[in-house]
Participant: 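I have a structure here, written as structure tokens, and I will follow up with some questions on it.
None of the values given here were measured: they were computed from a predicted structure. Quick note on labels: first sequence line is chain A, next is B, and so on, each numbered from 1.
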There are 2 protein chains.
Amino acid sequence: MEISTKLRYGARALAELGLTYPKRPVPARELAEQQGLSVKYLEHILSALKAAGIVNSKRGMSGGYELARSPEQITMKAVFNALEGSTAPVKCVENPEICSQYDDCPTRPVWEELRDSIDGVLGSTTIADLTERIRSSAKYGKTTYQI
Amino acid sequence: MEISTKLRYGARALAELGLTYPKRPVPARELAEQQGLSVKYLEHILSALKAAGIVNSKRGMSGGYELARSPEQITMKAVFNALEGSTAPVKCVENPEICSQYDDCPTRPVWEELRDSIDGVLGSTTIADLTERIRSSAKYGKTTYQI
DNA sequence: CTGTTCTCCTATTATAATGATATGAAAGAT
DNA sequence: ATCTTTCATATCATTATAATAGGAGAACAG
């Protein structure tokens with residue numbers, strides 16, 4: 001039950017966007033370089049984040065991506081939902097109709113508890129928390145990357 | 001981030017084994033019929049549960065599988081680990097050496113929190129809880145299946 | 001109005017994981 | 001002996017993930 005690379009890379013990219021917010025948009029190329037990813041792959045991820053209303057984009061020279069809201073207002077739950085889908089570990093939890101034994105299933109309550117617990121963690125963490133960790137990191141300010 | 005069918009089917013099978021514990025072993029065929037699964041597939045699952053020390057098995061006539069301990073002593077965390085692997089949503093959480101940026105990763109703490117939260121839920125639920133739900137279910141006693 | 005920088009859209013491919021089936025050997029009970 | 005069951009291994013189909021590729025179209029600078 002691992003998370004996808006999309007969520008991993010996407011979350012880190014958003015953490016970086018938190019650093020520049022609200023100063024300037026950052027091109028996908030720049031974000032990709034920081035993480036050592038291909039620009040094309042990160043573009044996909046950013047596209048999904050845009051579709052979810054988490055980032056805005058600007059085309060052309062000195063364009064790029066920027067957070068659509070302040071970092072404090074973007075929860076990891078929203079990011080998870082955008083890049084990973086539902087937090088429910090089984091489909092029946094969100095679509096009761098797909099299981100004929102829904103009401104009598106002895107295991108479903110466990111999966112519901114899991115979902116709620118995951119939602120709790122993700123809902124109480126924001127991009128601001130991630131960005132703050134970059135700021136207080138040992139390497140912060142020592143890299144070649146300029147804000 | 002869904003759980004596998006192995007865990008879903010396996011958990012239900014264990015809940016059923018809780019009903020008969022400690023009276024008699026139940027053959028895979030019987031457990032498979034209850035869930036409408038192929039015997040062969042469930043055999044794989046039960047085999048993994050046996051390797052994890054969660055069930056015991058007995059060959060030959062009137063053989064089958066039975067819980068290795070009392071239902072109260074088998075947590076869903078043990079079952080998850082046996083059928084799904086680690087509860088860590090990313091590998092680096094359990095193997096720091098695979099990531100060069102381990103100490104400075106702004107997202108890792110989130111994944112660690114997620115793991116702990118999942119462990120909490122799974123660790124506080126036992127097979128006894130599942131079995132109890134079968135016992136108090138509307139259909140219990142009305143099926144053709146005899147204990 | 002031209003070139004550059006960038007997002008954006010769609011298609012394709014590779015790889016791995018899951019889900020499942022199949023065959024038959026080995027062990028135990030009667 | 002024979003029936004029932006676990007056990008071991010191999011194979012296959014399907015899906016999801018991860019990633020790459022090519023190029024169209026917007027914004028802006030000169």
Side-chain angles (χ1 to χ4, degrees), chain A residues 1-13 17 20 24-68 80 82-86 89-91 98, chain B residues 1-13 17 20 24-68 80 82-86 89-91 98:
Chain A
M1 211 176 63
E2 286 195 14
I3 60 171
S4 66
T5 57
K6 281 192 183 183
L7 178 53
R8 284 200 283 134
Y9 302 160
R12 283 210 280 247
L17 288 182
T20 60
R24 65 168 179 101
V26 182
R29 174 184 43 76
E30 208 169 304
L31 294 166
E33 275 167 13
Q34 281 163 29
Q35 291 194 47
L37 300 178
S38 93
V39 179
K40 285 295 183 184
Y41 193 43
L42 195 58
E43 272 178 2
H44 277 310
I45 297 169
L46 290 164
S47 164
L49 289 171
K50 175 172 182 173
I54 292 172
V55 300
N56 287 331
S57 64
K58 224 175 146 183
R59 292 197 194 194
M61 215 175 217
S62 78
Y65 294 88
E66 61 190 353
L67 298 183
F80 189 103
L83 298 176
E84 196 81 19
S86 169
V90 287
K91 290 194 174 58
I98 67 171
Chain B
M1 212 177 63
E2 287 195 14
I3 60 171
S4 65
T5 56
K6 281 193 181 182
L7 178 53
R8 283 202 283 134
Y9 302 161
R12 283 211 280 250
L17 288 182
T20 59
R24 66 169 179 99
V26 182
R29 173 184 42 75
E30 208 169 302
L31 293 166
E33 276 168 11
Q34 283 164 28
Q35 291 193 48
L37 300 178
S38 94
V39 180
K40 285 298 178 185
Y41 194 41
L42 196 58
E43 272 179 3
H44 277 311
I45 297 169
L46 291 164
S47 165
L49 289 172
K50 174 171 182 175
I54 292 171
V55 300
N56 288 330
S57 63
K58 224 175 144 182
R59 292 195 195 196
M61 213 175 216
S62 78
Y65 294 88
E66 62 190 353
L67 299 183
F80 188 103
L83 298 176
E84 197 80 19
S86 168
V90 287
K91 289 193 176 58
I98 67 173

Participant: Which is the 5'-most and which the 3'-most nucleotide of DNA chain C that has an atom under 4.0 Å from a heavy atom of chain B?
Facilitator: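 So the outermost contacting nucleotides come out as C:dG19 to C:dA29.
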Participant: Just verifying a value: how many Å separate A:L46 CG and A:L31 CG, rounded to the nearest 0.5 Å?
Facilitator: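 Taking CG in A:L46 and CG in A:L31, the distance rounds to 6.0 Å.
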Participant: I need the CG-C1' distance between A:L37 and D:dT20, as an integer number of Å.
Facilitator: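 My rounded result for the distance is 13 Å.
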Participant: Please report, rounded to the nearest Å, how far the P atom of D:dC3 is from the CZ atom of B:R29.
Facilitator: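 For the pair B:R29 CZ and D:dC3 P, the rounded distance is 15 Å.
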Participant: Provide, to the nearest angstrom, the distance between the CD atom belonging to B:E33 and the P atom belonging to D:dT4.
Facilitator: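 The answer, rounded to whole Å, is 13 Å.
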Participant: Could you state the interatomic distance from CD (A:E2) to CZ (A:R8), rounded to the nearest 0.5 Å?
Facilitator: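 One gets 7.5 Å once the value is rounded to the nearest 0.5 Å.
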Participant: Between D:dA18 atom P and A:K6 atom NZ, what is the distance in whole Å?
Facilitator: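 After rounding, the gap between these two atoms is 8 Å.
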Participant: For a quick test of reading the model: is some side-chain N or O of A:T5 closer than 4.0 Å to OP1 or OP2 of D:dA19?
Facilitator: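 Looking at the OP1 and OP2 atoms of D:dA19, one of them is under 4.0 Å from a side-chain N or O of A:T5.
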Participant: If you measure from OH on A:Y9 to CZ on A:R12, what distance do you get to the nearest 0.5 Å?
Facilitator: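 Reported to 0.5 Å precision, the distance equals 7.5 Å.
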Participant: Could you list the donor-acceptor pairs under 3.5 angstrom formed between side-chain atoms of residues 52-65 of chain B and any protein atom two or more places apart in sequence or on another chain?
Facilitator:
{"residue": "B:S57", "atom": "OG", "partner": "B:K50", "partner atom": "NZ", "Å": "2.7"}

Participant: Starting at atom CG of A:N56, determine the distance to atom C1' of D:dA27, rounded to an integer number of angstrom.
Facilitator: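 In whole Å, D:dA27 C1' and A:N56 CG are 16 Å from each other.
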Participant: Nearest nucleotide by nearest heavy atom, which residue falls closer to the 5' end of DNA chain D, A:Y9 or A:G60?
Facilitator: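 That would be A:Y9.
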Participant: In whole angstrom, give the distance that lies between atom OH of B:Y41 and atom C1' of D:dT6.
Facilitator: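 One finds 19 Å between C1' of D:dT6 and OH of B:Y41, rounded.
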Participant: Can you see which heavy atom on A:L83 is nearest to which on A:A48, and at what distance?
Facilitator: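 Minimum heavy-atom contact is CD2-CB, 3.8 Å.
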Participant: Which distance, rounded to the nearest 0.5 Å, do you find between the CD of A:Q34 and the CZ of A:R29?
Facilitator: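 Going from the CD atom of A:Q34 to the CZ atom of A:R29 covers 10.5 Å.
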Participant: Could you pull out the closest heavy-atom pair between B:A13 and B:Q35, with the gap in Å?
Facilitator: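 Here B:A13 and B:Q35 meet closest at N-NE2, 3.2 Å.
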Participant: Rounded to the nearest 0.5 Å, what separates atom CG in B:L17 from atom CG in B:L49?
Facilitator: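 Here the interatomic distance stands at 9.0 Å.
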Participant: Show the distances under 3.5 angstrom between N or O atoms of the protein and N or O atoms of nucleotides 8-11 of chain D.
Facilitator:
{"residue": "D:dT9", "atom": "O4", "partner": "B:H44", "partner atom": "NE2", "Å": "3.4"}

Participant: When the distance from CD of A:Q35 to P of D:dA19 is rounded to whole Å, what number comes out?
Facilitator: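 Atom CD in A:Q35 sits about 11 Å away from atom P in D:dA19.
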Participant: How long is the straight-line distance from NZ of A:K40 back to CD1 of A:I45, given to the nearest 0.5 Å?
Facilitator: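 Between A:I45 CD1 and A:K40 NZ, I get 13.5 Å after rounding to 0.5 Å.
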Participant: For a quick test of reading the model: is some side-chain N or O of B:S57 closer than 4.0 Å to OP1 or OP2 of D:dC7?
Facilitator: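 Checking D:dC7 against B:S57, a side-chain N or O does come within under 4.0 Å of OP1 or OP2.
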